[in-house]
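Predicted, not measured: the structure shown is a model, and the values here were computed from it.
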2 protein chains.
Amino acid sequence: MGTERRTRTPKYLQINDQLTAMIADMEPDTLLPKELELAETFSVSRETLRQALQLQTSAGRIYSIKGKGTFVARPHISKGDKLTSFTEDMEARGLTPRSRVISAREITPDTDTAHDLELDDGRTVFEIVRIRLADDVPMCLETFQTPTSFFPTLLELPLTGSIYELFRTHGRISITNTEQRITAALAKKAQADLLGVRPRSPVLLVNRVSSDQRGRLIERTESVYRGDRYDFRLSARRDGR
Amino acid sequence: MGTERRTRTPKYLQINDQLTAMIADMEPDTLLPKELELAETFSVSRETLRQALQLQTSAGRIYSIKGKGTFVARPHISKGDKLTSFTEDMEARGLTPRSRVISAREITPDTDTAHDLELDDGRTVFEIVRIRLADDVPMCLETFQTPTSFFPTLLELPLTGSIYELFRTHGRISITNTEQRITAALAKKAQADLLGVRPRSPVLLVNRVSSDQRGRLIERTESVYRGDRYDFRLSARRDGR
DNA sequence: GATAGTTACAAGTCTAGACATCAAGCTTCC
DNA sequence: GGAAGCTTGATGTCTAGACTTGTAACTATC
């Protein structure tokens, strides 16, 4: 423990991690030690411990009943409230995700994109078209668009991985909000060819618009998922307050 | 103990409401007063104020930058991280939602349902089949199933509204977590007839499993949405920690 | 035996303050 | 003139304690 060199991570986050590991080994509905005891165990004040417990609660790993105590929740719905990304989905199913870049260029956006991203006339966007594969089987045809102004050097970077990650590490932009519209349709000829399915097969159309912490609209993505091989999973949590 | 409940709402929730109203009138990126001033304005301590600010932050209405201040976020993505229900979706689009109950009965669950709800042999479920309509146009065919043990009197209540609401008000069960799987398919004959579309039209298949705060599996719902009239909207927020 | 009151305990709320860290402007010194 | 350091002001983290409210078990009374 003494190796903590200038502990950069706050205590409540460290405790959060330790709680996660601790709870992973416990049966559902097990009563945890009371807050004051846990606080003493971790050598912090009760309020700091409660910050960590709050994180565990919003992650759905514990629940607490006033006057009784804090308990381990059943782990059926374990993911947080964020959408599962393509990469996460594939890895959760034991598949290896890959991407094949079809095109990457700077274009004048169509009206739909200009509207969704609230772009003025004359502004351009980067458009990146990729095929997403799982174990080398095409799953999804994805068209990503972002205003060139936010991240002018985007196309100079490798585009086979997570573009969100590029925004975070190289662009200093953290995408925190995303809104999606999902509908069902039949595959068009060109889409069907790229996805390796027959035309008029059922597909999922996903239109996504994302913004950063400040509410600035960062990107819009249109995706076509094949309906025979892909299902879209998401979990949500209603606020307990 | 009848009418004199006097449920005192905590200060941080009251302040949260006042902040919501206050922010609604402000331009994006406006600098808010500093935390100590706000705390004084509301006559609470800084930590209590920060609880309210935290709620505003997770609701996406404000953002704060260490060393600079707290600002009003742009309101483009305003919804929280919860899934939009059918009723909410329809009302947001200016349509009137209704339900038509096709059947409501107690049955022995099939293997899929028994598996998803982790039911032992011999347990029965209530099955409620409904058509959800918007302005009297069929949108969705919904099959709801819940173990009879949680809420034995469910079928005695009116089933045209929100069943979650019945669980909350009459069953004393608050459904907080829900996990969904969405895929695309083609409508089968019987489904197409009920939905008023041609067979082999594109539809969205949604399989939902929900649980309460303790992680107990409460319900499973299979829904068939028509792809030509319905799109499935959802918004998510990544945790800013 | 049922019911109402008492008590212990645990989480929930709230406070006043201390220190840490980051951003930005200002001063000083080379 | 410019870089380095200082100062100010803001959010971020943390503490010890007091008070509030809900739960459950126990007890006394009817």
(message) Checking A:Ser210 against A:Thr178: is there a side-chain donor and acceptor pair closer than 3.5 Å?
(response) yes

So, taking the atom named [atom1] in [X] and the one named [atom2] in [Y], what distance separates them when rounded to the nearest 0.5 Å?
{"X": "A:Gln51", "Y": "B:Gln54", "atom1": "CD", "atom2": "CD", "answer": "9.0 Å"}
{"X": "A:Ile218", "Y": "A:Phe150", "atom1": "CD1", "atom2": "CZ", "answer": "4.0 Å"}
{"X": "B:Glu37", "Y": "B:Glu40", "atom1": "CD", "atom2": "CD", "answer": "8.0 Å"}
{"X": "A:Glu222", "Y": "A:Gln145", "atom1": "CD", "atom2": "CD", "answer": "7.0 Å"}
{"X": "B:Asp112", "Y": "B:Arg220", "atom1": "CG", "atom2": "CZ", "answer": "5.0 Å"}

Any [X] side-chain nitrogen or oxygen under 4.0 Å from OP1 or OP2 of [N]:
{"X": "B:Ser64", "N": "D:dA10", "result": "no"}
{"X": "A:Tyr12", "N": "D:dT13", "result": "yes"}
{"X": "A:Lys11", "N": "D:dT13", "result": "no"}

Take atom [atom1] of [X] and atom [atom2] of [N], then tell me their distance rounded to the nearest Å.
{"X": "A:Leu53", "N": "C:dT13", "atom1": "CG", "atom2": "P", "value": "13 Å"}
{"X": "A:Lys66", "N": "C:dC9", "atom1": "NZ", "atom2": "C1'", "value": "14 Å"}
{"X": "A:Leu13", "N": "D:dT13", "atom1": "CG", "atom2": "C1'", "value": "10 Å"}
{"X": "B:Asn16", "N": "C:dT13", "atom1": "CG", "atom2": "P", "value": "13 Å"}
{"X": "A:Gln51", "N": "C:dT13", "atom1": "CD", "atom2": "C1'", "value": "15 Å"}
{"X": "A:Tyr63", "N": "D:dT23", "atom1": "OH", "atom2": "P", "value": "14 Å"}
{"X": "A:Ile62", "N": "C:dA11", "atom1": "CD1", "atom2": "P", "value": "10 Å"}
{"X": "A:Ile15", "N": "D:dT13", "atom1": "CD1", "atom2": "P", "value": "13 Å"}

Check nucleotides 5-7 of chain D for protein N or O atoms closer than 3.5 Å to its own N or O atoms and list the pairs.
none

(message) When you measure from the side chain of A:Glu127 to the backbone of A:Thr143, do you find a donor-acceptor pair of N or O atoms at a distance under 3.5 Å?
(response)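 No; judged by distance alone, with no hydrogens or angles, the pair does not exist.
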
(request) Output yes when a side-chain donor or acceptor of B:Arg130 lies under 3.5 Å from a complementary backbone atom of B:Leu159, and no otherwise. (result) yes

(request) Output the single nucleotide from C:dG12, D:dT11, C:dC14 whose closest atom is nearest the side chain of B:Pro10. (result) C:dC14

(message) Counting only heavy atoms and a strict 4.0 angstrom limit, can you tell me which residues of residues 29-50 of chain B come near DNA chain D?
(response)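 Residues of residues 29-50 of chain B that come under 4.0 Å of DNA chain D are, in numerical order, B:Lys34, B:Glu35, B:Arg46, B:Glu47, B:Arg50.
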
(request) Could you list the residues that satisfy ring-ring contact (aromatic ring centres under 6.0 Å, His included) with A:Phe144, not counting sequence neighbours? (result)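 With neighbours one apart ignored, the set is empty.
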
